[in-house]
Amino acid sequence: MTQETGGFAAFNLNPNILAAVAATGYEEPSAIQQQSIPIIMAGQDMIGQAQTGTGKTAAFALPILHRIDPAKREPQALILAPTRELALQVATAFETYAKQMPGVTVVAVYGGAPMGPQLKAIRNGAQIVVATPGRLCDHLRRDEKVLATVNHLVLDEADEMLKLGFMDDLEVIFKALPATRQTVLFSATLPQSIRAIAERHLRDPQHVKIQTKTQTVTAIEQAHLLVHADQKTSAVLSLLEVEDFDALIMFVRTKQATLDLASALEAKGYKAAALNGDIAQNQRERVIDSLKDGRLDIVVATDVAARGLDVPRITHVFNVDMPYDPESYVHRIGRTGRAGREGRALLLVTPRERRMLQVIERVTGQKVAEVRLPDSQAVLDARIKKLTNSLSPLVADAEASHGELLDRLTADIGCTPRALAAALLRKATNGQALTLAAIEKERPLVPNSAPRGDRADRPSGDRPDRGDRERRAPMPLAEGRARCRTALGARDGIAAKNLLGAILNEGGLAREAIGRIQVRDSFSLVELPEDGLERLLAKLKDTRVAGKQLKLRRYRED
Ligand code: ADP
Ligand code: MG
């Protein structure tokens, strides 16, 4: 049941604005819109606290458009945003909502573009100015009166602006505006510095707070995967095989990692590109546009480079490198599940990063379930499913157009239609592995079971990528020893001394008879005497360690 407040119509906005909103396809106002629009329409000051993706832009843009006078050709509303990207986004949104308001113009003012045309657009009567604080101050230095007619000010993402060091610029801008203006401040967080600004520059503000953390996150299915740092690329490639994604963003920590991973993906035939702080602004916009329209499917980005990125096609976020704090985790995964759509977020966790995973779970109040790497069967199934999906629409009219040719070719070649179809399939799939055996051969990574070298767990990128085969080469066994494995590992609370104690006690061995003990996360390896091994294992059959069955088995690697 919609309440009578439901729907945009209940706001009594200018019908031209309502028509434009309807044309964008919005059906219901979001929570922040529901609460902010009446306050801003009434001309009151306001502090709005809500996370990314909650629809803040329309929450201020619609009532401000309602309040401006299109007949007056002078700046009436000023929106401040932290980055050029965000300023452009807000300006575009204003243009969309103002489409049916003749005479309303919007100008975006930001650094890195010539100042002249921006100033000219303002003087030519743009009613809406969307600006980054730094560049706007440059304009004020040239013409301190340029903002004298502004009677609505919006600080969008105020906390980000302060983080970027715009505090002093904001003070300059406040001074250049009429004291009687309306001021609206939006921020995801309200640290003391923001509250101080509000205290000084807002008048009797209404507070609107939207608890979206869980809401944003619940639309997103979250999972994590335990992986060693140097196996992240192969893990990502395996996951991509089975994830049904539209567009995907991967987060890494370094510029180099964006380049390395993007080129690994490209090498596998994915339409992927890197996005990092070194990439020139126009190139960056090209990448984002390509992701929007499907010329790219994957963008590998650092947190800074992805700031403000809003592409509705994104169905998946891969956190390839751990975010620095839970907040940025929430921020990152908010890139998917935009505006109530479903999304999926995967987090790669190296053994050392387990603690951070727990912190994230605590802060978001949600369990991030563990998933395993897909096995070869799952990869095969996914590949066949893709092939089926791509071929089935082609079958319908193929016989009519190419049936006769098929008859002729099978006759000329002297083969069965099945043989010819198989040959065509081989050609069409371009050498892709499409049997279990072939897939197993191409995948060096055995899901979550391969023993790893002692120091496999390091941050990515700090050693050259040696072949998986070499890295997995087992430690040479001493003469007369056999390697045994148990599925108990560090995650079960096992330490080497527990294993040693249990085997000594229950197996009745001398300490010297037991060789190396390696405790890994999800399993452990123990070197035991080959001589009498079967008897020893039988003896240890019911042994428990840390409350769990040891189930020690001979371990063979080939
Ligand atoms: P925020 O600034 O809070 O991060 P945005 O204003 O950028 O969020 O909006 C996020 C996305 O949601 C945009 O793609 C926007 O078009 C869409 N959106 C906003 N309001 C609505 C609505 N009422 N219905 C559907 N989609 C909406
Ligand atoms: Mg926003």
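Atoms within a ligand are numbered from 1 in the order they appear, just like the ligands themselves.
In the vicinity of S30, heavy-atom distances shorter than 4.0 Å reach the ligand 1 atoms 23 (N). Residue contact check: T57 has heavy atoms under 4.0 Å from atoms 2 (O), 5 (P), 6 (O), 7 (O) of ligand 1. Interface of E28 with ligand 1, defined as ligand atoms under 4.0 Å from a residue heavy atom, comprises 22 (C), 23 (N), 24 (N).
When heavy-atom distances to ligand 1 are checked against a 4.0 Å cut-off, D310 comes that close only through its side chain, counted from C-beta outward. Contact annotation for F8 and ligand 1: only side-chain heavy atoms (C-beta onward) come within less than 4.0 Å of the ligand.
Contact of the P323 side chain with the I360 side chain is registered, since non-hydrogen atoms from C-beta on lie closer than 4.5 Å. With contacts defined as side-chain heavy-atom distances shorter than 4.5 Å, the pair I173/L147 qualifies.
Considering backbone and side-chain atoms together, Q89 places no N or O closer than 3.5 Å to any N or O of ligand 1. Between E157 and ligand 1, not a single N/O pair is under 3.5 Å apart.
In this structure F251 satisfies the ring-ring contact (aromatic ring centres under 6.0 Å, His included) test with no other residue, sequence neighbours excluded. Evaluation of the side-chain contact (heavy atoms from CB on, under 4.5 Å) rule for A113 yields Y110, Q118 as partners, not counting sequence neighbours.
Between the side chains of N319 and R332, at least one donor-acceptor pair of N or O atoms lies under 3.5 Å.
Classified by interplanar angle (parallel below 30°, tilted 30° to 60°, perpendicular above 60°), the ring pair H201/F174 is parallel.
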